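Written below as structure tokens is the structure these notes are about.
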Amino acid sequence: MRITVKKIIYYLIKLRGRIFIPFAILYILVAAYVAFSIEPQTFESFLTSVYWVLTTLATVGFGDYAPVTDLGKAFTIGLYITGIGLVSLFIGKIIKSVYLIEKRKVGGKMKYTGKNHIILIG
């Protein structure tokens, strides 16, 4: 069986809506592992590095933890750049979901499962 690049791209486009949350979680865990590996003296536990990655991706950066090596600082710069995109995509997906629910509700296309109600249309 020969799988072409075109088929793989088509499959990934079909999956893009369903794989964002698992991808974001995996990205956070991998980034935390890399940060923990680069700066073991700064982050005393893996959970601390997960906390630091989340605050860095959200560009909050409380300042309680900071990398001290040049490699750690370069890694942090990469997290800042990708964090802006990742958080923006996440917020955009939430807004799109709320919009689609509202659109279906206003258009009368949401399934109603309640009992003992009268629905007036028009």
Side-chain angles (χ1 to χ4, degrees):
M1 256 173 42
R2 199 172 145 218
I3 299 176
T4 64
V5 175
K6 191 175 182 181
K7 285 183 183 180
I8 293 172
I9 292 172
Y10 177 73
Y11 183 71
L12 289 175
I13 289 172
K14 261 178 52 175
L15 282 179
R16 72 179 171 173
R18 290 181 272 177
I19 64 171
F20 179 73
I21 298 289
F23 171 76
I25 292 170
L26 181 67
Y27 181 82
I28 290 166
L29 293 176
V30 168
Y33 178 76
V34 170
F36 186 63
S37 299
I38 293 173
E39 301 270 342
Q41 68 280 3
T42 304
F43 308 111
E44 56 268 357
S45 69
F46 180 72
L47 185 60
T48 304
S49 64
V50 170
Y51 160 77
W52 176 78
V53 165
L54 287 172
T55 57
T56 303
L57 286 176
T59 63
V60 176
F62 294 124
D64 46 357
Y65 297 100
V68 291
T69 64
D70 288 339
L71 182 60
K73 291 175 184 178
F75 179 70
T76 304
I77 291 169
L79 280 179
Y80 283 139
I81 293 169
T82 58
I84 292 167
L86 193 66
V87 171
S88 299
L89 280 172
F90 184 72
I91 292 171
K93 288 212 172 277
I94 291 172
I95 291 171
K96 183 179 179 183
S97 297
V98 170
Y99 167 75
L100 290 175
I101 289 170
E102 187 64 26
K103 183 179 174 183
R104 291 188 76 189
K105 192 185 299 183
V106 169
K109 294 184 179 175
M110 283 191 82
K111 186 176 181 181
Y112 180 73
T113 58
K115 295 179 182 176
N116 301 325
H117 284 79
I118 298 172
I119 299 174
L120 300 175
I121 301 175

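All values reported here derive from a predicted model rather than from experimental measurement.
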Is there a continuous path of hydrophobic side-chain contacts, each under 4.5 Å between heavy atoms, that joins [X] to [Y]?
X   : Y   : result
L26 : V87 : no
Y80 : Y51 : no
I81 : F75 : no
I84 : V53 : no

Any chance you could measure [X], atom [atom1], to [Y], atom [atom2], to the nearest 0.5 Å?
X   : Y    : atom1 : atom2 : value
L47 : S49  : CG    : OG    : 7.5 Å
T76 : L71  : OG1   : CG    : 9.5 Å
Y99 : R104 : OH    : CZ    : 13.0 Å

Give the minimum heavy-atom separation between [X] and [Y], together with the two atoms involved.
X   : Y   : result
K73 : V68 : CE-O, 3.8 Å
P67 : E39 : CB-OE2, 3.6 Å
V50 : A32 : CG2-CB, 3.5 Å

ask   = Hey, which of I95, I94, L89 is the one that makes side-chain contact (heavy atoms from CB on, under 4.5 Å) with I91?
value = I95
Taking the side chain as C-beta and beyond, is there a heavy-atom pair between [X] and [Y] under 4.5 Å?
X   : Y   : result
L79 : W52 : yes
L29 : F46 : yes
Y65 : T55 : no

inquiry  = Can you tell me if D64 has over 12 outside heavy atoms packed within less than 6.0 Å of its CG?
reply    =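 Count over threshold, so yes.
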query = Would the number of heavy atoms belonging to other residues, nucleotides or ligands and lying under 6.0 Å from CZ of F90 be above 12?
reply =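 Atom CZ in F90 is not crowded, with 12 or fewer foreign heavy atoms closer than 6.0 Å.
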Y27/T82 under side chain to side chain contact (heavy atoms under 4.5 Å, CB included): CA gap, chis, key distance, verdict = CA-CA 10 Å; Y27 181 82; T82 58; 2.5 Å; yes
